[in-house]
Every structure is written in C-alpha cells, then in structure tokens.
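As the structure is a computational prediction, the values presented were derived from the model and not from experiment. Hydrogens, waters and symmetry mates play no part in the numbers below; they use all other heavy atoms, side chains included. Here is how names work: the chains are called A, B, and so on, in the same order as the sequence lines, proteins then strands, and each is numbered from 1.
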Protein chains: 2
Amino acid sequence: MTLGRPREFDTEAALTKAMRLFWRKGYEGTSLSDLTDEMNITRPSLYAAFGNKEELFLKVLDRYDRETSSFIQAALDAPSARSVAEGLVFGACAFHSDKHNPAGCLMVHGALVGSDESVAMRKETSLRRGGLKDRITQRLKQAQTEGDLPQSTDPAALAGYLVAVLRGMAVEAASGASPADLKGIATVAMAAWPG
Amino acid sequence: MTLGRPREFDTEAALTKAMRLFWRKGYEGTSLSDLTDEMNITRPSLYAAFGNKEELFLKVLDRYDRETSSFIQAALDAPSARSVAEGLVFGACAFHSDKHNPAGCLMVHGALVGSDESVAMRKETSLRRGGLKDRITQRLKQAQTEGDLPQSTDPAALAGYLVAVLRGMAVEAASGASPADLKGIATVAMAAWPG
DNA sequence: CCTATTGTGTATCAATCGGTATATAAAGCT
DNA sequence: AGCTTTATATACCGATTGATACACAATAGG
C-alpha cells in the first residue's frame with residue numbers, strides 16, 4: 001500500500017483543531033506554535049502533511065465551507081424565497097449559538113485585516129464571501145421565475161441585505177451576543193422581507 | 001512656555017496617520033515599523049509621545065469615536081426614531097463610501113480577533129461596540145416615551161438589529177462593496193422598521 | 001537482510017516583533 | 001555662559017515569527 005513510515009496522527013482530527021484555532025484567533029493571530037501545540041504534532045510533520053501555513057488555512061476554509069457552515073446550503077435548498085431567508089438568518093442563530101463552535105465566523109474575522117503578508121488569504125476569504133452572495137442571488141432569481149418572489153423586488157439587493165445581516169450577526173456573536181440577542185436580530189431582519 | 005526641546009512633528013497629524021494604518025491593517029497587523037514609517041518619526045519619539053502601541057491604539061480609538069465616526073452622534077440627535085435609524089444606516093453608507101476613509105470600520109475589524117497578546121485591545125473595542133448599542137437603545141426608549149415609536153416594539157431588539165446591520169455593512173465595505181451595494185443594504189434594512 | 005520511501009524529533013535559520021539604553025541636540029530658565 | 005528639561009537618532013535587546021536541515025525511526029517491496 002502506502003510506502004514509507006505511516007503517519008502517527010489523524011489528519012482530519014488535526015485539521016479540525018487547526019480550524020477551531022484559526023476561527024478563534026484569525027489567520028495572523030494563530031502562530032505555528034499555537035497550531036503544533038493544539039494539533040499535538042511537530043513543525044515538520046505539519047509542513048509535510050499540509051504544505052505550509054497558507055495551504056493549511058486554505059484546507060481549513062474548504063472544510064469550513066463544506067461541513068461546518070453547511071446550514072447555508074440547507075437554507076438555499078428550502079422551497080420558497082421566504083423560507084430560504086429564514087433558513088439563513090435563523091440558521092445563523094443556531095450556528096452562532098452552538099457552544100461547540102468558536103464565536104463568530106471564520107470567513108468574516110479569520111482574515112478581514114492584517115499585515116501585507118496575509119493579503120492573499122484575505123483575498124481568498126473575500127472571494128468566498130462574495131461567492132455566498134452570488135449563490136443567494138441566484139436562488140432568489142430562481143424564486144422570482146417560480147413566482148415565489150415578487151417581480152418588483154431586486155434579488156441582488158435582497159441577497160446583499162441578507163449577507164450583510166449574516167456578517168453583522170457574526171460580528172455580534174464574536175462580541176459575545178447571546179442566543180436571544182441573535183434571535184432578536186434575525187426576527188427584526190425578517191420584517192424587511194417582501195410579501 | 002514648555003521646557004525642553006520642542007517636538008518636531010505634529011502629534012495630531014501623526015495620530016491621524018496611525019489611525020488610518022490601524023484602520024487598514026488592524027491592531028496586530030500594524031507593526032511599529034509600519035507606524036514609524038508612515039508617521040515619519042523614530043521609534044523613541046513614538047514611545048515618548050504616545051506611550052506604547054496599546055496606548056497609541058487607545059488614543060486612536062478615542063479619536064475615531066469622537067471625530068471620524070461622528071455621523072453616529074449626528075444620527076442619534078435626529079428628531080424621530082425613524083430618522084435616527086435612517087441617519088445611522090444611510091450615514092454608514094456615506095461613511096463607507098468616502099474615498100478618504102480606509103475600507104470598513106476600525107472598531108469592527110481593527111481588533112476582532114488576534115493572538116493572546118491583543119486580548120486587552122479586543123476587549124476595549126468590544127466594550128465600545130456594546131456602548132453604541134446601549135446609546136441607540138436609550139435613544140429608542142426616549143422615542144417610545146415621546147410617542148415616536150410604537151409601544152409594542154422592543155427598543156433593545158431594534159437597536160440590536162441596527163448595530164448588526166451597521167456591522168454587516170462595515171464587513172461588506174471592507175470586502176469591497178460599492179456605494180450602490182451599501183445603499184441597497186440600507187434601503188432594504190429600513191423596510192424592517194416599524195410604523 | 002537491504003534498499004527505498006516517508007514520518008518524526010531536535011535544533012536551528014534569518015527576519016521581524018515590541019520595546020529601550022545611550023548619546024546628542026535644542027529649547028527655557030537663571 | 002551654564003543648568004535643566006525634553007526630543008531625536010542610532011543601535012540594540014530578548015522573544016517570537018514562519019520555515020528547514022539534519023539525523024533517525026518505521027514501514028513496504030525486493
């Protein structure tokens with residue numbers, strides 16, 4: 001099978017540890033020593049398994065998109081425009097209220113600012129944030145063609161509003177907002193929904 | 001008058017340079033070398049004039065609160081609850097559309113995450129963010145007593161919603177949102193306002 | 001057993017981090 | 001002129017940053 005000495009740690013478990021660390025401290029705020037301590041591996045093992053800090057962060061982003069913040073895909077699969085919006089904002093409530101998760105959103109504060117060294121990672125998270133807005137816009141356009149959302153509304157504007165609310169909830173969650181606080185935000189936010 | 005050798009630089013102008021730097025790169029992302037290069041002063045001069053990096057950041061936060069993001073106080077002084085809300089969200093539009101300002105909000109992404117070294121600065125910005133919510137809540141309560149806002153509404157929930165929208169707009173602005181994008185967010189957000 | 005291949009552990013790299021010690025320059029006061 | 005006080009400039013501090021060189025350990029295939 002695989003040649004050479006077998007790896008002594010579980011890469012998936014280690015990736016989870018890394019994700020939670022980046023989630024709490026951001027890309028630049030997380031040092032290699034932080035990572036190796038938390039993942040219980042040595043520095044060369046980390047580089048052999050994940051490349052370098054940037055590649056590790058990218059793998060973490062993939063995992064976050066695919067598994068951790070999966071409530072977003074679930075919301076987009078909801079049957080009506082309103083249920084999509086509700087799924088997003090109330091899904092975000094549940095997401096940020098889950099005590100197993102670090103506070104806030106990895107995409108938002110994981111790499112929003114930083115020194116010139118991390119400009120590539122900021123661009124990456126920015127792209128992924130923009131991708132979410134595009135996906136919501138597409139879903140709302142589909143709702144319009146299905147007669148599910150008034151033709152008078154602007155799907156792009158509604159999507160922009162939704163992602164802004166999601167970002168705001170993430171910032172508030174990172175600042176220590178309670179589940180009740182978040183639910184209040186989501187409830188008021190839905191009052192703006194047409195129809 | 002003042003004893004000793006006179007200072008050769010303008011502390012207020014230097015503070016402005018520092019503010020814009022922290023605003024762009026965050027607290028930890030801004031190094032002392034960045035600061036001294038941009039402020040055109042030497043390291044000992046910075047320490048003599050501003051204490052250390054933390055004290056400089058606190059002075060920057062004061063200045064940001066007092067002068068730069070002053071549209072917030074203007075909005076709170078508006079005559080009605082609705083005009084307060086409009087002043088906040090559309091004031092944020094103008095604020096983030098001003099090409100003289102760095103993208104985003106210093107309070108939000110200047111110190112949202114980071115290593116353990118910057119925990120005190122994060123707590124400070126978190127406190128100030130919470131202070132804004134309290135001020136808005138108080139203003140809306142006043143509007144309720146003045147019969148300006150329906151008694152059936154929850155001032156704290158509305159304030160929480162408003163700050164969440166402001167935070168979200170800041171994140172979107174930092175991600176490169178256009179003035180039109182921001183105006184769209186603000187317009188939809190106001191559709192949730194009661195009355 | 002021998003070789004090839006891969007993972008681990010130690011020890012270290014140059015660069016940068018925030019912060020200072022020291023010496024000198026420029027002002028007011030006497 | 002001195003003397004005191006404050007600002008500037010150079011050079012440096014220990015600690016930490018992301019990243020590796022090297023030797024050694026553990027497996028598979030021959």
Side-chain angles (χ1 to χ4, degrees), chain A residues 1-15 17-18 21-22 24-61 110-111 113-122 124, chain B residues 1-15 17-18 21-22 24-61 110-111 113-122 124:
Chain A
M1 289 281 286
T2 51
L3 248 62
R5 178 174 175 174
R7 187 171 281 123
E8 294 184 359
F9 63 95
D10 180 353
T11 55
E12 287 304 308
L15 199 61
K17 295 286 186 69
L21 220 41
F22 281 128
R24 279 202 298 123
K25 309 177 114 181
Y27 175 72
E28 286 198 317
T30 306
S31 71
L32 263 294
S33 297
D34 290 336
L35 290 165
T36 53
D37 285 355
E38 185 74 21
M39 301 161 90
N40 268 313
I41 62 178
T42 62
R43 239 173 181 84
S45 293
L46 188 151
Y47 278 83
F50 302 104
N52 58 16
K53 192 185 178 184
E54 289 198 353
E55 292 182 39
L56 173 60
F57 187 67
L58 293 178
K59 288 181 173 66
V60 160
L61 292 185
V113 290
S115 74
D116 297 334
E117 293 174 16
S118 64
V119 62
M121 297 301 101
R122 283 203 297 286
E124 178 65 26
Chain B
M1 288 285 284
T2 53
L3 248 62
R5 178 174 174 175
R7 185 171 284 123
E8 294 183 359
F9 65 95
D10 181 351
T11 55
E12 288 305 309
L15 199 61
K17 295 284 186 71
L21 218 42
F22 281 128
R24 279 202 300 123
K25 309 177 116 183
Y27 174 71
E28 286 197 315
T30 306
S31 72
L32 282 186
S33 297
D34 291 334
L35 290 164
T36 53
D37 286 354
E38 184 74 23
M39 300 161 91
N40 269 312
I41 61 179
T42 61
R43 219 170 267 248
S45 292
L46 188 152
Y47 277 83
F50 303 104
N52 59 14
K53 192 185 178 185
E54 290 199 351
E55 291 182 40
L56 173 60
F57 187 67
L58 293 179
K59 288 182 172 65
V60 160
L61 292 185
V113 290
S115 74
D116 297 335
E117 294 173 14
S118 64
V119 61
M121 298 301 100
R122 282 204 297 285
E124 179 65 25

With sequence neighbours left out, the residues meeting side-chain hydrogen bond (donor to acceptor under 3.5 Å, both in side chains) with Arg24(B) are none

Notebook entry, point to check: Side-chain contact, heavy-atom cut-off 4.5 Å: Val60(B) with Leu21(B)?
Noted result: no

What residues 35-58 of chain B contributes to the DNA chain D interface at heavy-atom separation below 4.0 Å is Thr42(B), Pro44(B), Ser45(B)

Assert: residue with more 5' nearest nucleotide on DNA chain D, out of Glu117(B) and Phe9(B), is Phe9(B)

Double-helix bend of the helix from dC1(C)-dG30(D) to dT30(C)-dA1(D), axes at both ends from 5 pairs, round to 10°, gives 10°

Rounded to the nearest 0.5 Å, the OH atom of Tyr47(A) sits from the CD1 atom of Ile41(A) at a distance of 11.0 Å

Sorted by number, residues from residues 24-32 of chain A placing a heavy atom under 4.0 Å from DNA chain D are Thr30(A), Ser31(A), Leu32(A)

In whole angstroms, the gap separating C1' of dG18(C) from CG of Asp34(B) amounts to 12 Å

- Message: Once hydrogens and angles are ignored, does a donor-acceptor distance under 3.5 Å link the base of dA25(C) to the side chain of Arg5(B)?
- Response: yes

Rounding to 0.5 Å, atoms CG (Asn40(A)) and CG (Asp10(A)) come to a distance of 12.5 Å

What one should report as the nearest heavy-atom pair of Val113(B) and Gly26(A) is CG2-CA, 3.8 Å

Residue pair Val119(B) / Arg122(B), side-chain heavy-atom distance below 4.5 Å: yes

In whole angstroms, the gap separating P of dT16(C) from CG of Asp116(A) amounts to 12 Å

Taken to the nearest whole Å, CG/Leu3(B) to P/dA7(D) is 10 Å

In terms of heavy-atom contacts, Glu117(B) and Glu28(B) come closest through CB-OE2, 4.2 Å

The side-chain hydrogen bond (donor to acceptor under 3.5 Å, both in side chains) partners of Arg7(A) (sequence neighbours excluded) come to none

| Test item: Thr36(A) side-chain N/O and Leu32(A) main-chain N/O as donor-acceptor pair under 3.5 Å | yes

Checklist line | Ring-face cation of Lys53(A) near Phe22(A) (centre distance under 6.0 Å, axis angle within 45°) | finding: no

With sequence neighbours left out, the residues meeting side-chain hydrogen bond (donor to acceptor under 3.5 Å, both in side chains) with Lys25(B) are Asp34(B)

Check: Is Ser33(A) near enough to dT17(D) that one of its side-chain N or O atoms lies under 4.0 angstrom from OP1 or OP2?
Finding: yes

